[in-house]
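In what follows, a single structure is set out as structure tokens and then discussed.
The structure displayed is predicted, hence computed values, not measured ones. Throughout, residue positions are numbered sequentially from 1 according to the sequence presented.
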Amino acid sequence: MATDTLKSKPGAQGGATGGLRRLLLDNGALTALIVLVIAMSALSGDFLTADNLLNVGVQAAVTAILAFGVTFVIVSAGIDLSVGSVAALSATVLAWSATEAGVPVVLAVLLAVATGIVCGLVNGFLVSYGKLPSFIATLAMLSVARGLSLVISQGSPIAFPDSVSHLGDTLGGWLPVPVLVMIVMGLLTAFVLGRTYIGRSMYAIGGNEEAARLSGLRVKRQKLAIYAFSGLFAAVAGIVLASRLASAQPQAAQGYELDAIAAVVIGGASLAGGTGKASGTLIGALILAVLRNGLNLLSVSAFWQQVVIGVVIALAVLFDTLRRKAGATTPAAGASGSGNRGKQALTYVIAAAVAVAVVGATSLLHNGSSAAKTQKVGLSLSTLNNPFFVQIRAGAEEEARKLGVDLTVTDAQNDASQQANQLQNFTSGSLSSVIVNPVDSDAAGPAVRGANKADIPVIAVDRGVNAADTAALVASDNVEGGELGAKALAEKLGGKGTIVVLQGQAGTSASRERGAGFAAGLKEYPGIEVVAKQPADFDRTKGLDVMTNLLQAHPDIDGVFAENDEMALGAIKALGSKAGKSVQVVGFDGTPDGLKAVEAGTLYASVAQQPKELGRIAVRNALRAAEGEKVEKMVKVPVKVVTGENVAGFEG
């Protein structure tokens, strides 16, 4: 059941209709899922296809596996915020052990699983014996695990062993392995909760910890096991996620802990503890996956998608709360007599029948309708939290309107897994071609290969895609841009001086390439000394904070190179009156705010990539490829160093 089955009050409406109504009201999350499926089927003719429904399953898998582990913790009245970071750390340990350390793959897998369990045990120890609130203990582990993942990988993705990468493939060419793993972990969760001593202990501890202790339960030891289970499930989720991406990403699964908690709560569990079921958690994860998949297919704005998902989560939980207050008594946790099991089975049978009937009807409606043929193109951007990529979107949308192309834009939020989901959604939709700006070149490969199999041409923009076919790459050269930035800064300083470097987000190809180009360019200027390098994650606020800290240790620096304009603008704010006078700052991207700073004299130069032009050219090539025309494999958009001397005539 999606939630604990509730007994109807006397006098409830009788008959088949009343029984169906009562069953659906008694299972709020299941009702919400059915409504969503029906709505998406009615609104999009691409939703109800076998490929797309399998996509939904794959996209729900990692969240569901994480959420199964979190279910144990929430049932026992705890919380685990570390599962996303533990998943990334476990995958990184596996990839590093198998590829860098030469450990046999089987042993590397065991090390990854052990890593997750150890992290869980540490959480459990801090909560049980250290008396820390679970929120604080797991928040600390979130930071520690993420940091260790970055330390082990040195901020760069690590290729996953081929033998393990098959976990991200399909069986028989159609059944995704991640879905099978999700089902197995779900059954294991249901068994532990409903059929084992520790499962019953979880409900007892969540219901009343003191009463559980007085009744003889060894609460501290039970909590150790509960958090170890959560760590184990996080490790499995990390391995599945990395298998899908064919690489271990040190920044993978960021924010997934919130999705996992949301799935558990949507599924009917209480954050106060004592209630929760594996089936409810699975339904919660499916609701989130259906929402994201459907909104992609409906071309809903990337910004509005976050709003819609938040509202639906709130409504689903509110519905469940109102349902509980409206009537009915909840059976004791863990009780599951034959009557309850029969009612549960009837609930799912009726729900399935209703869903199939309505969805089938909407499918016939879509098949019977026809519309004028319009070229549809999908654009997946690595992030829209950066003016450079916002400019790419603006140029692409401009060109799409001009050419009469229906353009759908999605925001991966620098999450390679989320981008893989978006590309899968594009592939299962009726798109003519796809444009991708990869979060990571390796991680985008498997999803782009899926588009290759579906004969959908793919255009890469700004960054290439590895191990997959792209019709064209529209890009400027980040390495060349880094070299030009080094030359501009060094010559402005007269070939000597001390500088600091503000690096982008660890693990991203843009940061690696720009940094490598800058380092190569500086080799021609031995008089320039780099006294510090620190990441500021392409973010203006972090650029301000990091630069402020660096100035405490290096107050007499002569220059700053920032791997994007946002960080450069933060550094300028920290430098105050020194910017553009005693300290020269060079940025990268040529964003509108960056060019204004160049014009004002506080930013000496920006290595401009003309992002709008990148977007325009990408859409033109996507349309040509969709129409079967020949396109150049490599389309170079030149970078240009913009200074106060030429900023007036520059158009990005």
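- For Q422 and S380, the side-chain atoms include at least one donor-acceptor pair closer than 3.5 Å.
- In this structure, the side chains of L271 and V265 come closer than 4.5 Å at one or more pairs of heavy atoms.
- Within the 4.5 Å cutoff, the side chain of V474 has heavy atoms near those of the I459 side chain.
- In this structure, E513 contributes its side chain and V479 its backbone to no donor-acceptor pair below 3.5 Å.
- Closest approach of P438 to G464, counting heavy atoms only: CG-O, 3.5 Å.
- Proximity of I499 to V560: side-chain heavy atoms (C-beta onward) are nowhere separated by under 4.5 Å.
- The backbone N or O of V86 lies less than 3.5 Å from a partner atom in the side chain of S90, making a donor-acceptor pair.
- Between the side chains of Q413 and N385, no donor-acceptor pair of N or O atoms lies under 3.5 Å.
- Considering only heavy atoms from C-beta on, R146 comes within 4.5 Å of Q254 through its side chain.
- Ring orientation note: the planes of F561 and F518 are close to parallel, at an angle under 30° on the 30°/60° scale.
- S97 places no side-chain N or O within 3.5 Å of a backbone atom of V103 that could act as its donor or acceptor partner.
- The number of heavy atoms from other shown groups lying within 6.0 Å of NZ (K523) does not exceed 12.
- The distance from the CG atom of N437 to the CG atom of L614 is 9.0 Å, given to the nearest 0.5 Å.
- From E257, atom CD reaches atom CG of L66 across 8.5 Å, with rounding to the nearest 0.5 Å.
- A donor-acceptor contact under 3.5 angstrom links the side chains of N414 and Q505, judged on distance only.
- To the nearest 0.5 Å, atoms CG (N425) and CG (N293) are separated by 4.0 Å.
- Separation of atoms CG (D545) and CZ (R540) is listed at 13.5 Å; rounding is to 0.5 Å.
- If you take CD on Q251 and OG on S153, they are separated by 8.5 Å, rounding to the nearest 0.5 Å.
- Under 3.5 Å, the side chains of T71 and T281 contain a donor-acceptor pair of N or O atoms.
- D537 places no side-chain N or O within 3.5 Å of a backbone atom of D539 that could act as its donor or acceptor partner.
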* **CA sep, side-chain torsions, deciding dist, call: D589, Q609, side chain to side chain donor-acceptor pair (under 3.5 Å)** => CA-CA 5 Å; D589 282 342; Q609 294 194 82; 3.2 Å; yes
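- Heavy atoms only, all atoms of each residue included: P250 and T92 are closest at CA-OG1, 4.3 Å.
- At a threshold of 4.5 Å between non-hydrogen side-chain atoms, the residues V531 and V500 count as touching.
- With respect to E563 and K533, no salt bridge is recorded, no charged nitrogen being found less than 4.0 Å from a carboxylate O.
- Side chain of D259 to backbone of G255: no donor-acceptor contact under 3.5 angstrom is found.
- Using a 3.5 Å distance cut-off with no hydrogens or angles, the side chains of S417 and Y256 do pair a donor with an acceptor.
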* To do: Under the side chain to side chain contact (heavy atoms under 4.5 Å, CB included) rule, what do F389 and I392 come out as? Steps first, then yes or no, please.
  => CA-CA 5 Å; F389 298 105; I392 289 181; 3.9 Å; yes
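- Smallest separation of non-hydrogen atoms from T99 and A159: CG2-O, 3.4 Å.
- Looking only at distances, a side-chain donor or acceptor of N564 sits under 3.5 Å from a matching main-chain atom of F538.
- Residues D411 and L381 form no side-chain contact, since every pair of their non-hydrogen atoms from C-beta on lies 4.5 Å or further apart.
- With hydrogens and angles left out, the side-chain atoms of N52 and S428 include a donor and acceptor closer than 3.5 Å.
- Tested against V62, the residues N421, V236, L241 include a single side chain to side chain contact (heavy atoms under 4.5 Å, CB included) partner, L241.
- Across A248 and A95, no two heavy atoms sit closer than the pair CB-CB, 3.6 Å.
- With 3.5 Å as the limit, one finds a donor-acceptor pair spanning the side chains of R244 and Q424.
- Residues V179 and G57 come closest through the heavy atom pair CG2-C, 3.6 Å.
- Checked against P176 for a side chain to side chain contact (heavy atoms under 4.5 Å, CB included), the options V181, V58, D169 give a single hit: V58.
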* Checking side chain to side chain contact (heavy atoms under 4.5 Å, CB included) for the pair S230/I226: CA distance, chi angles, key distance, verdict? -> CA-CA 7 Å; S230 183; I226 290 166; over 6 Å; no
* To do: With salt bridge (Lys or Arg N to Asp or Glu O under 4.0 Å) as the test, would you mind laying out the steps for E480 and R514 before giving the verdict?
  => CA-CA 8 Å; E480 179 193 5; R514 294 175 186 185; over 6 Å; no
Name the atoms and distances for all side-chain donor-acceptor pairs under 3.5 Å in residues 115-129, with sequence neighbours left out.
unit_1, atom_1, unit_2, atom_2, d
T115, OG1, L111, O, 2.7
N123, ND2, S82, OG, 3.1
S128, OG, G124, O, 3.0
S128, OG, K220, O, 3.3

* Asked: Does the pair D469 and V458 meet the rule for a side chain to side chain contact (heavy atoms under 4.5 Å, CB included), with working shown?
  -> CA-CA 8 Å; D469 292 330; V458 178; over 6 Å; no
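- Put simply, the side chain of E209 never gets that close to the backbone of G206: no donor and acceptor are under 3.5 Å apart.
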* N296 and Q59: side chain to side chain contact (heavy atoms under 4.5 Å, CB included), yes or no, with the steps? -> CA-CA 13 Å; N296 282 168; Q59 292 163 24; 6.0 Å; no
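- Between I152 atom CD1 and I158 atom CD1 the span is 8.0 Å, to the nearest 0.5 Å.
- Counting heavy atoms from C-beta on, the side chains of F229 and V73 never come closer than 4.5 Å.
- Heavy-atom minimum distance, F72 versus S76: O-OG, 3.1 Å.
- With S247 contributing its side chain and Q249 its backbone, the two residues share no donor-acceptor pair below 3.5 Å.
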